[in-house]
Amino acid sequence: MNDTYDVAIVGAGFSGLYLLHRCRKLGLTARIWEAGTGVGGTWYWNRYPGAHCDIESMQYSYQFDDDLQQQWNWSERYSPQPELLRYAGHVAERFKLLDGIEFERRVASASFDEAQAIWTLKAATGQTLHARFCVMATGCLSAPNWPAVKGYEHFEGEQYHTALWPKEPVNFHGKHVAVVGTGSSAIQSIPVIAGSARQLTVFQRTPNYSVPAHNRPMDPQHAAQVKANYRAMRASARQNLSGIYGTYNTGSAMDVSDEERRKEYERRWQNGGLTFLGSYGDLMLNQSANDSVVAFVHEKIKAIVNNPETAALLCPDNIIGGKRLCVDTNYYATYNRDNVTLVDVRSQPITEINKTGLRVAETQYDADIIIFATGFDAMTGALMRIDIQGRGKRSLQEIWKPGPGSYLGLAMAGFPNLFTVTGPGSPSVLTNMLPTIEQHVEFIADCIKHVTASGHSTIEAEQNAQQHWWDHVQEAGQRTLKQTTDSWYMGANVDGKARVFMPYSGGFPAYCQKCEEVVANGYEGFSIQ
Ligand code: NAP
């Protein structure tokens, strides 16, 4: 077929954009299909009030092009969503990528023709795209999760999901707003909404741990210093399990006095951000160590929140770090406002949405606006919502029903020439996503180049190698306390979803090393035909 590209890329977020650029650099023809009307992925869809990245701006950025990282200026310590969206747009223009992207192309199906070794993608709007290779750059947190509650269609007010936020501003003035959920998206948006709504009611099923962001305008001196040392800082970040630059204490929390431990937690709390959990090396491995930091955060919550009953409701009773730690600006203090109420829906769930609001058991809560900050069908959701058919027309939806399996989070046995960026079985969501994305994109593009340049037509993960890797992913997961918490890492937030620990928790350095070994050994674990 002469309209066949080398590579079809699904998604124009940070993964898809860099992949298109990288493919072109290697002389491969590539086309992106993107469901939205613009680039940016996560930062295109999640426009909710207060949306910021939880990784510092100087780190949550591409490093593949030094001119880009030197010339781009971030305005805050933690980038706000509009700035991240501008950055994605800038990258698309700077590297002349826009002519390679078709927007409003939501992929409904992707199927592999074995005789021709061609993938055919079909859009929900009817168009088709043919390519030798297909890369799902569809994101880990991109398939919105709506609670299985009846009655959405009856509500007469406005309803929003944080991950499908409209482009036009939503006006909260004089309105009674209900927010369902208390994950990162809720924790970021609640303080902002509370500032303009007449009344805000938050429906909490499980409280979450959050540390202060201490966000502030970017200090130009800090930015200049980072830029002068970017290479060393990025290299150092790559040595950390999370891929996030910072100081990590590898010692045990249990080897120091209560006073010293407290001082360290306090120091990190005052500094703010995710590296709070870098206080000690065993916080995610040792229950007593974890308990010590839980007690510290509970104390903080109780000191901030005036009403003791509300404070008690906000204190989680599971381990810290079992779910992704949240990073906030004034979250807990927002519950001291007269216009904010917290409703516990753990013991009695939301039973229905009706004409005027939400019902929890026998109690009706009226609202003008309901916001579902109810997260995502994480890691597998975006892939499972596409009808992907590989060798012998076998369906990924069927194969993954009992839980996903993947070789390195990059490829699946039975699906030749199909790759996933940051798929299940890769460190992805446990790391700074940008360097993780770059590492995957470089692996995938180089691999495709290797296959095509050597005159082969297909590459496919071997079943044995996949199983071996997946067993390792599960073993690594079992070593951490994360497994003790019902989280989206485990698929626990979606009714009926298989409970499997999906991300690789062995750390970014070990993962990169494994990928490098695979390449050095001639793409070990892959069959190239
Ligand atoms: P989330 O962490 O999965 O939170 C969803 C919330 O909705 C949870 O509190 C959940 O309660 C609640 N919920 C779901 N169904 C419910 C129901 N039927 N009734 C009541 N409550 C219900 O989703 P998220 O806040 O969108 O965040 C997801 C991930 O995206 C984060 O962990 C993070 O990795 C990423 N994120 C990052 C940033 C950032 O960079 N700053 C911001 C936002 C999100 P349960 O816990 O009981 O299920």
Side-chain angles (χ1 to χ4, degrees), residues 41-43 45-57 59-60 76-81 84 139-152 160-165 178-190 201-211 213 215 242 244 272-274 314 316-318 321-329 331 342-353 358-360 365 370-379 381 422 428-434 482 485-495 497 502-503:
T42 286
W43 305 104
W45 298 102
N46 290 267
R47 299 163 187 257
Y48 60 82
H52 278 75
C53 187
D54 60 6
I55 308 272
E56 293 190 29
S57 322
Q59 299 200 52
Y60 191 83
E76 297 178 37
R77 179 183 182 189
Y78 293 96
S79 312
Q81 172 272 334
L84 283 155
C140 296
L141 295 158
S142 50
N145 178 44
W146 292 88
V149 179
K150 60 176 183 180
Y152 288 99
Y160 302 100
H161 192 295
T162 45
L164 294 168
W165 202 262
V179 172
V180 180
T182 49
S184 289
S185 305
I187 282 177
Q188 288 187 335
S189 53
I190 283 167
T201 307
V202 177
F203 295 84
Q204 172 185 274
R205 189 164 64 185
T206 316
N208 246 304
Y209 292 97
S210 190
V211 294
N215 194 20
S242 63
I244 304 173
L274 292 175
L314 288 166
D317 58 6
N318 48 13
K323 294 185 176 190
R324 170 110 170 179
L325 188 62
C326 302
V327 176
D328 73 276
T329 298
Y331 175 63
L342 182 64
V343 175
D344 174 23
V345 291
R346 177 148 42 175
S347 40
Q348 296 200 302
I350 298 167
T351 39
E352 66 168 29
I353 296 154
L358 300 146
R359 179 167 285 275
V360 177
Y365 293 92
I370 306 177
I371 296 171
F372 294 92
T374 45
F376 303 89
D377 182 349
M379 304 205 73
T422 64
S428 60
V429 291
L430 302 179
T431 66
N432 177 3
M433 287 297 289
L434 254 287
K482 283 185 193 294
T485 303
D486 282 343
S487 68
W488 57 255
Y489 297 139
M490 303 275 298
N493 65 327
V494 175
D495 289 342
K497 187 168 176 173
M502 294 182 284

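Remember, it's 1-based here, ligands and their atoms both numbered in the order they're listed.
Of all the heavy atoms of His52, the ones lying under 4.0 Å from any atom of ligand 1 belong exclusively to the backbone. Contacts between Phe203 and ligand 1 below 4.0 angstrom, taking non-hydrogen atoms only, are absent altogether. Neither the backbone nor the side chain of Pro349 has a heavy atom within less than 4.0 Å of ligand 1. When non-hydrogen atoms are compared, ligand 1 lies under 4.0 Å from neither the backbone nor the side chain of Arg346. Contacts of Leu141 with ligand 1, taken as heavy-atom pairs under 4.0 Å, involve the side chain alone.
Ranking the protein heavy atoms by distance from atom 17 (C) of ligand 1 puts Arg205 NH1, 3.5 Å first.
The ligand atoms of ligand 1 that sit less than 4.0 angstrom from a heavy atom of Gly181 are 6 (C), 7 (O), 9 (O), 12 (C). In summary, the atoms of ligand 1 found under 4.0 Å from a heavy atom of Tyr48, numbered by their order in the structure, are 42 (C), 43 (C). The contact set between ligand 1 and Gly183, taken as ligand atoms under 4.0 Å from a residue heavy atom, comprises 2 (O), 4 (O), 6 (C), 9 (O), 25 (O).
The N/O atoms of Thr182, backbone and side chain alike, include one that comes under 3.5 Å of an N/O atom in ligand 1.
The aromatic ring centres of Phe376 and Trp488 sit 6.0 Å or more apart.
Classified by interplanar angle (parallel below 30°, tilted 30° to 60°, perpendicular above 60°), the ring pair Tyr160/Trp165 is tilted.
Comparing heavy-atom distances from atom 24 (P) of ligand 1 across Ser185, Ser428, Cys53, Gly50 singles out Ser185 as nearest.
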